[in-house]
A.B. asks: 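Provided herewith is a single structure, encoded as structure tokens, for subsequent inquiry.
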Amino acid sequence: MPPLAAFRRAVRAAVAAAFAFALGLAAAAPAPARSALPSGDPVGPRVELTPAEPRAGEVAVVEVDCRPRGGLCPEGLSLRWAGQDIALFPHPVRGPAFRAGLLAVPLTAKAEPTALEALWSEAGRPVSRPVAFRIRAGVFAEEALRVDPRHVHPSPQDRERIRREREELERIYAAGAPSPLWRGRFLAPVPGEVSGAFGTRRVFNGELISRHTGVDFRAAAGDPVAAAASGVVRLGKELFYSGNAVVVDHGAGVFTSYSHLSRIEVGVGQRVARGEGIGRVGATGRATGPHLHWGVKVNGVAVDPLALLEATALLARE
Ligand SMILES: [Zn+2]
């Protein structure tokens, strides 16, 4: 059987098995993916997700266990899911036989069985294996907000500016450092409580509906804002919606952004340490009052920053 057909067949079997398992039909389910592959195939690494069934908008830790291969991870090992190339790095806690990475589930992902693809090369021959998992539905509230009409009906000039800024951000998010620049867990950038959850459906001035792609923290104008982890500043400027904003690249596909600042205190290219001040809380851009909007991108996908706090805690000894 050609490798692609074998892979497709294995994906179908893995997805069917995961679905049957979720329905409590494991006994009647088709054979698991591993036995759907030709016998004599090389032993693959074990791949595990935490949470095992991530919700839409969450980030999951992917752990690769190479002990079934004598502790040696295969050459050129990579993981792909839904267009994401998941950067793998030495596992910070579990030792040299393990690799770790982060998988981002988009806010709009459907609750359904799916499979990521593990790829590597075996004696010069490409090998791929599906790893089945299931996505759970996210739970999102709706809220109504009143803002400056300019931020609901942007002028043609503002729309052009919004387009340019979106392109600039996309370029930044596509060109991060390949390996982690952080150590230990990420920390919330301000001490206040969360006043606006990730993923909320927002109705601005009774008409514009958008999704809230970060979390809001209660904070007073002028309060210091700290980098959530070490990294390199990739953007520090005023944007139409975000106001004064800072974007930090943490490597391995992870970026954090800090919006509506009254003041930016770092420059592009500057290295920052976890807890180091990057600016001050404000209400610039599309904001109803002073607060910190904290955003996280993983592999180009906006995810719940609170889920990143949990994921990175799992990959830290602290
Ligand atoms: Zn916000």
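Start at 1 and go down the list; that is how both ligands and their atoms are numbered. As the structure is a prediction and not an experimental result, all values here were calculated from the model.
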A.B. asks: Of the non-hydrogen atoms in Ala137 and Arg55, which two are nearest, and what is the gap between them?
C.D. replies: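 Result for this residue pair: O-NH1, 2.8 Å.
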A.B. asks: Sequence neighbours left out, what pairs pass disulfide bond (SG atoms under 2.5 Å apart) with at least one residue falling in residues 195-235?
C.D. replies: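 For residues 195-235: none.
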A.B. asks: Which disulfide bond (SG atoms under 2.5 Å apart) pairs, counting each pair once, include a residue from residues 118-214, with sequence neighbours left out?
C.D. replies: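 Qualifying pairs, neighbours excluded: none.
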A.B. asks: Give every protein N, O or S atom lying under 2.8 Å from the Zn ion (ligand 1), naming each by residue and atom.
C.D. replies: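 Protein N/O/S atoms under 2.8 Å of the Zn ion (ligand 1): His212 NE2, Asp216 OD1, His293 ND1.
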A.B. asks: Between Phe89 and Trp182, does the ring centroid distance fall short of 6.0 Å?
C.D. replies: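 Distance test on ring centres: under 6.0 Å, yes.
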A.B. asks: What pairs of donor and acceptor atoms, side-chain ones from residues 229-247 against any protein atom, are under 3.5 angstrom apart with sequence neighbours left out?
C.D. replies:
residue : atom : partner : partner atom : Å
Ser230  : OG   : Leu181  : O            : 2.8
Arg234  : NE   : Asp249  : OD2          : 3.0
Arg234  : NH2  : Asp249  : OD2          : 2.8
Lys237  : NZ   : Glu168  : OE1          : 2.8
Asn244  : ND2  : Leu261  : O            : 3.0

A.B. asks: Is any side-chain heavy atom of Arg67 closer than 4.5 Å to a side-chain heavy atom of Arg46?
C.D. replies: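 In contact.
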